[in-house]
There are 2 protein chains.
Amino acid sequence: MSTHDSSYFQVALSTSLVVYGFDGENLLTLIGQKPQEPYKGAPMLPTTMVKPDQSVEDAAAAVLTESLGLSDYYLEQLNAFSKLYRKPEGRVVNIAHYSLIKHELMERKPAAGYQWIRPKEMPDLVYDHNQIFDFAQERLKRRVKHRPIGFRLLPKEFSFNQIHLLYEQTLGKKLDKRNFHKKLMRSKLLIDEHKAEKMDGSNKPSHLYSFNEKRYNKLNLRGYDFKF
Amino acid sequence: MSTHDSSYFQVALSTSLVVYGFDGENLLTLIGQKPQEPYKGAPMLPTTMVKPDQSVEDAAAAVLTESLGLSDYYLEQLNAFSKLYRKPEGRVVNIAHYSLIKHELMERKPAAGYQWIRPKEMPDLVYDHNQIFDFAQERLKRRVKHRPIGFRLLPKEFSFNQIHLLYEQTLGKKLDKRNFHKKLMRSKLLIDEHKAEKMDGSNKPSHLYSFNEKRYNKLNLRGYDFKF
DNA sequence: ACTCATAAGTGTAAATATTACACTAAGTTA
DNA sequence: TAACTTAGTGTAATATTTACACTTATGAGT
């Protein structure tokens with residue numbers, strides 16, 4: 001390995017984010033628009049170039065600040081997408097991330113050019129962004145099965161039906177209500193708040209739960225098999 | 001996102017590999033040596049710089065060719081390690097990979113400066129290579145639990161004790177022999193070759209198995225929970 | 001050829017988890 | 001007050017997990 005050759009130092013870094021949120025009923029993901037020609041306005045993942053003296057995480061965080069005005073976020077690296085796929089200026093390597101946004105922070109409108117959409121309605125994106133998105137979807141599915149990650153998306157107090165909807169949408173399949181309930185309760189992740197509240201578009205008030213952070217941290221560390 | 005600024009194009013790419021093999025008794029991993037001052041000769045992961053017009057996978061494959069003389073390999077990206085951690089020439093981003101080597105290819109001696117060691121005996125490595133190695137260890141554990149990945153390391157025909165040893169070493173814990181046997185058999189991944197052979201350092205000849213590729217491919221795709 | 005040492009190979013019972021499945025309860029609306 | 005909508009709940013059959021110890025086949029030494 002020889003780095004004594006400045007010809008190696010010709011690559012630029014970017015980072016694209018797959019951002020997930022839950023509005024109380026639906027799992028959503030954030031898309032932006034290409035700011036410049038060619039294909040100005042075409043849908044793309046929220047993306048930024050990484051400055052040579054900037055950490056990739058900082059660059060990713062800056063995207064969240066710009067698009068959603070957030071400084072509180074969960075961020076995880078997905079993969080480096082490094083196809084030899086070029087701009088006129090040279091090679092760009094995209095170190096993609098995914099991010100989970102707390103429900104409480106979902107009320108603000110995204111900045112101009114950004115919008116929340118349902119993952120199923122993801123349009124064709126520029127560059128290899130659809131590949132990045134698919135990668136994120138797989139990662140999210142795996143995470144939600146093996147870690148109690150859903151709680152990063154839910155409100156502090158949530159109904160059983162909300163967590164049920166979230167897991168169904170994340171995994172992309174129906175989950176039997178009673179069996180899901182049983183499994184959640186067995187996990188002891190939920191704290192019964194002993195109160196009920198009418199949810200939007202509901203009739204009978206829903207029982208509220210919060211989640212047990214201590215136990216969450218244990219399971220998050222050890223890993224866990226929800227096995228849905 | 002503006003890339004119309006050539007000042008972004010100042011980064012170099014490298015790739016480090018965590019290579020695993022199984023010699024019939026032990027899970028092994030490959031270390032190299034730093035070829036240049038400072039710290040010339042210090043242990044490091046097998047690593048190369050990526051040429052600006054080279055795919056990262058090609059660069060990683062070249063490391064395997066150089067160190068082990070292999071052109072047949074399994075390679076998977078781990079993560080980009082992009083700490084702002086510099087050479088005099090600028091920033092280097094390491095897109096690390098891990099690789100699994102078939103047992104049949106383990107007989108050749110590694111090239112000068114490379115050697116197989118047990119993962120538990122991994123020494124202090126240069127740069128952030130220990131962090132990369134730890135990341136690989138976690139990935140390997142997860143993979144071995146959720147995919148029938150062990151078969152990429154084993155000989156074509158192997159004994160129950162070999163796969164048992166491999167899984168114990170990969171997961172870093174004892175696995176009850178009878179329960180492990182039961183689970184493997186239930187998975188229907190093993191084909192009984194109906195013959196026995198005395199293994200090295202053994203007495204009673206061991207029953208040989210090969211593995212069912214069709215079923216392997218199915219499970220590899222779907223994912224699988226060994227749940228050890 | 002017999003004894004000893006070594007690694008291979010095998011089964012069962014108890015506890016827990018998974019799956020499939022349909023009705024009642026509480027409150028809203030017309 | 002009847003009709004509608006969503007919330008909430010249990011059971012039985014099957015499958016999986018766990019804990020646990022002895023027998024078998026061979027090689028080595030006498």
Side-chain angles (χ1 to χ4, degrees), chain A residues 23-26 144-146 148 154-155 157-169 171 173-210 219 222-228, chain B residues 23-26 144-146 148 154-155 157-169 171 173-210 219 222-228:
Chain A
D23 70 1
E25 291 178 45
N26 289 296
V144 104
K145 277 186 188 172
H146 300 303
L154 289 164
E157 300 190 332
F158 53 88
S159 68
F160 167 76
N161 284 287
Q162 286 180 320
I163 190 170
H164 184 224
L165 280 171
L166 175 60
Y167 273 70
E168 284 195 334
Q169 290 179 44
L171 294 170
K173 65 178 182 191
K174 287 259 168 278
L175 298 172
D176 181 274
K177 214 179 1 167
R178 280 175 290 184
N179 292 340
F180 182 71
H181 194 269
K182 215 184 304 174
K183 239 174 281 194
L184 270 181
M185 291 314 167
R186 202 173 32 231
S187 77
K188 289 172 184 161
L189 278 162
L190 267 55
I191 297 170
D192 190 334
E193 291 290 328
H194 296 292
K195 58 182 174 180
E197 209 167 273
K198 205 184 81 77
M199 293 284 137
D200 232 37
S202 166
N203 302 324
K204 184 172 171 178
S206 306
H207 209 113
L208 295 185
Y209 299 90
S210 63
L219 291 185
R222 289 174 194 267
Y224 186 67
D225 278 333
F226 271 95
K227 217 179 180 191
F228 295 127
Chain B
D23 69 1
E25 290 177 46
N26 290 295
V144 104
K145 276 187 189 168
H146 300 303
L154 288 164
E157 299 189 332
F158 53 88
S159 68
F160 167 76
N161 285 286
Q162 286 181 323
I163 189 169
H164 185 225
L165 279 171
L166 175 60
Y167 274 69
E168 284 195 335
Q169 291 180 44
L171 295 171
K173 65 177 182 190
K174 288 261 168 272
L175 299 172
D176 181 272
K177 214 176 7 163
R178 280 173 292 185
N179 292 340
F180 182 72
H181 193 268
K182 215 184 302 174
K183 238 173 280 192
L184 270 180
M185 291 314 168
R186 204 174 27 235
S187 77
K188 288 173 184 160
L189 278 162
L190 267 54
I191 297 169
D192 188 335
E193 291 290 328
H194 295 292
K195 59 182 171 178
E197 209 167 275
K198 204 185 83 73
M199 293 285 138
D200 232 37
S202 166
N203 302 322
K204 182 169 170 179
S206 307
H207 210 114
L208 294 185
Y209 300 90
S210 62
L219 292 184
R222 287 175 195 268
Y224 186 66
D225 277 334
F226 271 93
K227 216 178 182 193
F228 295 126

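Letters go in sequence order (proteins before strands), and every chain restarts at 1.
- A donor-acceptor distance shorter than 3.5 angstrom exists from the side chain of Gln169(A) to the backbone of Glu25(A), with no hydrogens or angles considered.
- Remark: Phe160(A) engages His164(A), Phe180(A), His181(A) in a ring-ring contact (aromatic ring centres under 6.0 Å, His included) (not counting sequence neighbours).
- Atom CG in Asp200(B) sits roughly 12 Å away from atom P in dA8(C) (whole-Å rounding).
- Per the geometry, CZ belonging to Phe158(A) stands 13 Å off P belonging to dG8(D), to the nearest Å.
- In this structure, the side chains of Gln162(B) and Pro155(B) come closer than 4.5 Å at one or more pairs of heavy atoms.
- Enclosure of atom NZ in Lys198(A) by more than 12 non-hydrogen atoms of other residues, nucleotides or ligands within 6.0 angstrom is indicated.
- Remark: Leu166(B) CG to Asn161(B) CG distance equals 12.5 Å, nearest 0.5 Å.
- Nearest heavy-atom pair across Glu168(A) and Leu175(A) is OE2-N, 2.9 Å.
- Side chain of Glu197(A) to main chain of Ser159(A): no donor-acceptor pair is present (N/O by atom type, distance under 3.5 Å, no hydrogens or angles).
- Whole-Å rounding puts the Phe180(B) CZ to dG9(C) P distance at 13 Å.
- Following rounding to the nearest Å, Glu197(B) (CD) and dA8(C) (P) show an atom-to-atom distance of 14 Å.
- Following rounding to the nearest Å, Tyr209(A) (OH) and dA7(D) (C1') show an atom-to-atom distance of 10 Å.
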Dot-bracket for DNA chain C, please, read 5' to 3', with Watson-Crick or G-U wobble pairs under 3.5 Å on both distances, ( ) within the strand, [ ] crossing, | other strand, . unpaired.
||||||||||||||||||||||||||||||

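- At a threshold of 4.0 angstrom between heavy atoms, the contacts of Asn161(A) are confined to the sugar-phosphate backbone, with no base atom among them.
- Here the straight-line distance linking atom CD of Glu157(B) with atom OH of Tyr209(B) works out to 12.5 Å at 0.5 Å rounding.
- Contact between the side-chain N/O atoms of Arg178(A) and the OP1/OP2 oxygens of dC23(C) is not found at any separation under 4.0 Å.
- Separating the CZ atom of Arg186(A) from the P atom of dT19(C) is a distance of 10 Å, rounded to the nearest angstrom.
- Put simply, NZ on Lys173(B) is 11 Å from P on dA19(D), counting in whole angstrom units.
- Residues Lys182(A) and Lys177(A) each lie close to DNA chain D; by heavy-atom proximity, the contact nearer the 5' end of the strand is made by Lys177(A).
- Of the two residues contacting DNA chain C, namely Asp176(B) and Gly201(B), the nearest-nucleotide position lying further toward the 5' end is that of Gly201(B).
- Residue-to-nucleotide contacts include no donor-acceptor pair under 3.5 Å from the side chain of Lys183(A) to the base of dT19(C).
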Readout for nucleotides 25-30 of chain C: B = base within 4.0 Å of protein heavy atom, S = sugar-phosphate only, - = neither; 5' to 3' it is BBBS--

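- Rounded to whole Å, the distance from CE on Met185(A) to C1' on dT18(C) is 18 Å.
- Side-chain contact between Met185(A) and Asp192(A): absent, with no pair of heavy atoms (C-beta onward) separated by less than 4.5 Å.
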